[in-house]
Amino acid sequence: KLLPLAPKLAALPPQQLEEITAPESQYQVGWSHGREKLEGDKLDFSKGSYYANPLTDDLVESMLQRRRYNAASQLGDGDNDND
(Lines give C-alpha, C1' and ligand atoms only; values in the text may rest on other atoms or scores of the structure.)
Protein backbone atom coordinates (compact mmCIF):
# COMPACT_ATOMS: atom_id res chain seq x y z
CA LYS A 1 0.00 0.00 0.00
CA LEU A 2 2.93 2.37 0.55
CA LEU A 3 4.71 2.07 -2.78
CA PRO A 4 1.96 3.79 -4.84
CA LEU A 5 2.27 6.78 -2.49
CA ALA A 6 5.96 7.33 -3.37
CA PRO A 7 5.33 10.00 -6.04
CA LYS A 8 3.12 11.97 -3.64
CA LEU A 9 5.78 11.74 -0.93
CA ALA A 10 8.49 12.90 -3.32
CA ALA A 11 6.39 15.95 -4.27
CA LEU A 12 5.85 17.17 -0.69
CA PRO A 13 7.44 20.49 0.23
CA PRO A 14 10.41 20.38 2.65
CA GLN A 15 8.31 21.63 5.59
CA GLN A 16 5.88 18.73 5.26
CA LEU A 17 8.71 16.22 4.90
CA GLU A 18 10.20 17.59 8.12
CA GLU A 19 6.86 16.87 9.86
CA ILE A 20 7.22 13.16 9.04
CA THR A 21 10.85 12.99 10.18
CA ALA A 22 11.44 11.09 13.43
CA PRO A 23 14.87 11.90 14.90
CA GLU A 24 13.88 10.14 18.14
CA SER A 25 13.93 6.87 16.17
CA GLN A 26 17.42 7.70 14.90
CA TYR A 27 15.81 8.14 11.46
CA GLN A 28 14.77 4.49 11.27
CA VAL A 29 11.13 5.57 10.90
CA GLY A 30 9.63 8.19 8.66
CA TRP A 31 11.44 10.51 6.25
CA SER A 32 15.21 10.56 6.12
CA HIS A 33 17.28 12.82 3.87
CA GLY A 34 20.89 13.78 4.44
CA ARG A 35 21.07 11.81 7.69
CA GLU A 36 23.00 8.75 6.52
CA LYS A 37 26.78 8.89 6.22
CA LEU A 38 28.59 7.58 3.17
CA GLU A 39 32.30 7.85 3.92
CA GLY A 40 33.62 9.28 7.14
CA ASP A 41 31.43 12.23 8.09
CA LYS A 42 30.11 12.94 4.57
CA LEU A 43 26.29 12.97 4.62
CA ASP A 44 24.30 11.43 1.74
CA PHE A 45 22.10 14.08 0.13
CA SER A 46 21.70 12.14 -3.14
CA LYS A 47 18.50 10.38 -2.07
CA GLY A 48 15.70 10.41 0.44
CA SER A 49 14.13 7.42 2.16
CA TYR A 50 10.87 6.74 3.94
CA TYR A 51 11.01 3.95 6.50
CA ALA A 52 7.83 2.27 7.71
CA ASN A 53 6.67 -0.98 9.25
CA PRO A 54 3.25 -2.29 8.22
CA LEU A 55 2.95 -4.33 11.42
CA THR A 56 2.26 -1.37 13.69
CA ASP A 57 0.60 2.03 13.38
CA ASP A 58 3.00 3.66 15.85
CA LEU A 59 6.43 2.37 14.90
CA VAL A 60 8.31 5.07 16.81
CA GLU A 61 6.63 4.12 20.09
CA SER A 62 7.12 0.43 19.34
CA MET A 63 10.85 0.99 18.77
CA LEU A 64 11.21 3.10 21.91
CA GLN A 65 9.48 0.40 23.98
CA ARG A 66 11.82 -2.23 22.53
CA ARG A 67 14.87 -0.09 23.39
CA ARG A 68 13.60 0.44 26.95
CA TYR A 69 13.06 -3.32 27.27
CA ASN A 70 16.54 -4.07 25.91
CA ALA A 71 18.14 -1.50 28.22
CA ALA A 72 16.29 -2.93 31.23
CA SER A 73 17.33 -6.46 30.22
CA GLN A 74 20.98 -5.40 30.02
CA LEU A 75 20.77 -3.79 33.46
CA GLY A 76 19.22 -6.98 34.79
CA ASP A 77 22.09 -9.03 33.37
CA GLY A 78 24.59 -6.82 35.19
CA ASP A 79 22.83 -7.38 38.53
CA ASN A 80 23.42 -11.12 38.26
CA ASP A 81 27.21 -10.60 38.33
CA ASN A 82 27.07 -9.94 42.10
CA ASP A 83 25.31 -13.22 42.97
Side-chain angles (χ1 to χ4, degrees):
K1 293 182 181 184
L2 290 175
L3 191 55
L5 298 174
K8 290 181 181 182
L9 179 69
L12 289 175
Q15 293 130 335
Q16 284 186 298
L17 290 171
E18 200 58 38
E19 290 175 14
I20 57 172
T21 300
E24 66 274 18
S25 73
Q26 297 177 341
Y27 304 100
Q28 295 178 20
V29 177
W31 176 249
S32 175
H33 179 251
R35 311 293 183 184
E36 298 171 286
K37 293 182 180 178
L38 293 175
E39 296 176 10
D41 290 334
K42 184 179 178 184
L43 296 175
D44 182 7
F45 287 98
S46 64
K47 66 168 181 64
S49 300
Y50 185 82
Y51 299 100
N53 183 336
L55 299 178
T56 179
D57 289 332
D58 192 347
L59 187 55
V60 172
E61 181 57 32
S62 175
M63 290 177 65
L64 292 173
Q65 285 178 355
R66 189 175 332 132
R67 285 190 184 150
R68 286 190 291 266
Y69 173 79
N70 288 340
S73 295
Q74 290 174 357
L75 288 174
D77 290 343
D79 290 342
N80 292 334
D81 293 340
N82 294 329
D83 289 341

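Model, not experiment: these values are computed from the prediction. Just so you know, residue 1 is the first one in the sequence shown, and it goes up from there.
Transitive grouping of hydrophobic side chains (ILVMFWY, heavy atoms separated by less than 4.5 Å) keeps Y51 and W31 in distinct clusters. Placement of I20 and L5 in two distinct hydrophobic clusters is found when ILVMFWY residues are connected by side-chain heavy-atom separations under 4.5 Å, directly or transitively.
Remark: side-chain polar atoms of H33 are paired, donor with acceptor, to backbone N or O of F45 under 3.5 angstrom.
The side-chain contact (heavy atoms from CB on, under 4.5 Å) test with L43 singles out one residue from E36, K37, R35, and that residue is K37.
The number of heavy-atom neighbours closer than 6.0 Å to NZ of K47, taken from other residues, nucleotides and ligands shown, is above 12.
In this structure, the separation between CG on D44 and CG on L38 is 4.0 Å, given to the nearest 0.5 Å.
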